[in-house]
Amino acid sequence: MTGNPQSPVIAALGRALLATDATLRRTQLAHWNVTGPQFFGLHAALESQYHNLFGALDDLAERIRALGAQVSSDYVSAPGKPVGDGDVIDELVQTHDEAVEAFKAASAIAAETGDEVTAGMILDRLEFHQKTLWMLKATR
């Protein structure tokens with residue numbers, strides 16, 4: 001595999017990195033601003049999730065570098081709107097849904113190109129986002 005930033009795998013990893021960064025930022029905002037009767041449980045769960053996401057950012061960026069491309073600032077999202085008190089879970093569900101779609105697309109591209117290392121890494125991230133979605137939806 002070349003280090004061509006236009007390669008489908010590198011482009012897909014860039015989109016996955018962007019989705020992960022957006023999810024990390026939304027999760028941290030929710031962690032800092034969550035209120036209500038589920039505060040303690042959500043606060044702890046969200047902290048665990050953003051630590052996981054931060055580690056994933058590093059792994060994805062390092063995979064892009066291992067494939068010979070630079071990690072561009074295009075892969076880092078701008079902070080989103082403030083998280084509201086009543087819609088924290090809905091906003092996080094939407095963000096994780098978007099991440100799932102990005103990782104599904106990246107998985108297909110990695111499989112098409114025969115990049116088994118990237119495919120395995122992407123599947124691990126996809127599993128995290130799907131499990132987190134299930135947990136967030138269970139709080140409703």
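Values reported hereafter were calculated over all heavy atoms of this structure, with side chains retained and with hydrogens, waters and symmetry mates removed.
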To the nearest 0.5 Å, what is the distance between CG (Asn33) and CG (Leu42)?
12.5 Å
Check whether Thr113 reaches the backbone of Ile109 with its side chain - one donor and one acceptor, N or O, closer than 3.5 Å.
yes
Does Glu47 CD have over 12 foreign heavy atoms under 6.0 Å away?
yes
List for me each residue that meets side-chain contact (heavy atoms from CB on, under 4.5 Å) alongside Lys131, sequence neighbours excluded, and say none if there are none.
Trp134, Met135
Distance check, rounded to the nearest 0.5 Å: Thr132 atom OG1 versus His96 atom NE2?
5.0 Å
Per ring-ring contact (aromatic ring centres under 6.0 Å, His included), His31 is matched among Phe40, Tyr50, Phe54 by Tyr50
Exactly one candidate in Asp97, Leu53, Thr95 meets side chain to side chain contact (heavy atoms under 4.5 Å, CB included) with His129; the answer is Leu53
Going through the checks in order, is the side-chain contact (heavy atoms from CB on, under 4.5 Å) test met by Glu91 and Gln94?
CA-CA 5 Å; Glu91 290 178 10; Gln94 178 183 348; 5.6 Å; no
For a side-chain contact (heavy atoms from CB on, under 4.5 Å) check, start with the C-alpha distance between Phe103 and Thr20, then their side-chain angles and the critical distance, and finish with the verdict.
CA-CA 9 Å; Phe103 279 98; Thr20 301; 3.3 Å; yes
Hey, does Leu123 have a side-chain heavy atom less than 4.5 Å from the side chain of Ser107?
yes
Donor-acceptor contact below 3.5 Å, side chain Asp21 vs main chain Leu17
no
Go through the steps to decide whether His43 and Trp32 satisfy the test side-chain contact (heavy atoms from CB on, under 4.5 Å), and finish with yes or no.
CA-CA 8 Å; His43 189 75; Trp32 294 327; 5.6 Å; no
Show which side-chain atoms of residues 56-65 pair as donor or acceptor with protein atoms under 3.5 Å away, not counting sequence neighbours.
residue: Arg63; atom: NE; partner: Thr118; partner atom: OG1; Å: 2.8
residue: Arg63; atom: NH2; partner: Asp115; partner atom: OD1; Å: 3.0
residue: Arg63; atom: NH2; partner: Asp115; partner atom: OD2; Å: 3.4
residue: Arg63; atom: NH2; partner: Thr118; partner atom: OG1; Å: 3.2
residue: Arg65; atom: NH1; partner: Ala69; partner atom: O; Å: 3.0

For Ala19 and Thr23, the nearest pair of non-hydrogen atoms, with its separation, is O-OG1, 2.7 Å
Nearest heavy-atom neighbours spanning Ala102 and Ala16:
CB-CA, 4.4 Å
Heavy atoms of Val93 and Leu136 approach each other most closely as CG2-CB, 3.9 Å
Minimum heavy-atom distance Ala110-Ile122, with the two atoms named
CB-CD1, 4.3 Å
Is Val117 isolated, or which residues cluster with it under the ILVMFWY side-chain rule of less than 4.5 Å, directly or via members?
none
Should Leu92 and Thr27 be marked as a side-chain contact (heavy atoms from CB on, under 4.5 Å) after you check the CA-CA gap, both sets of side-chain angles, and the distance that decides it?
CA-CA 7 Å; Leu92 289 174; Thr27 303; 3.7 Å; yes
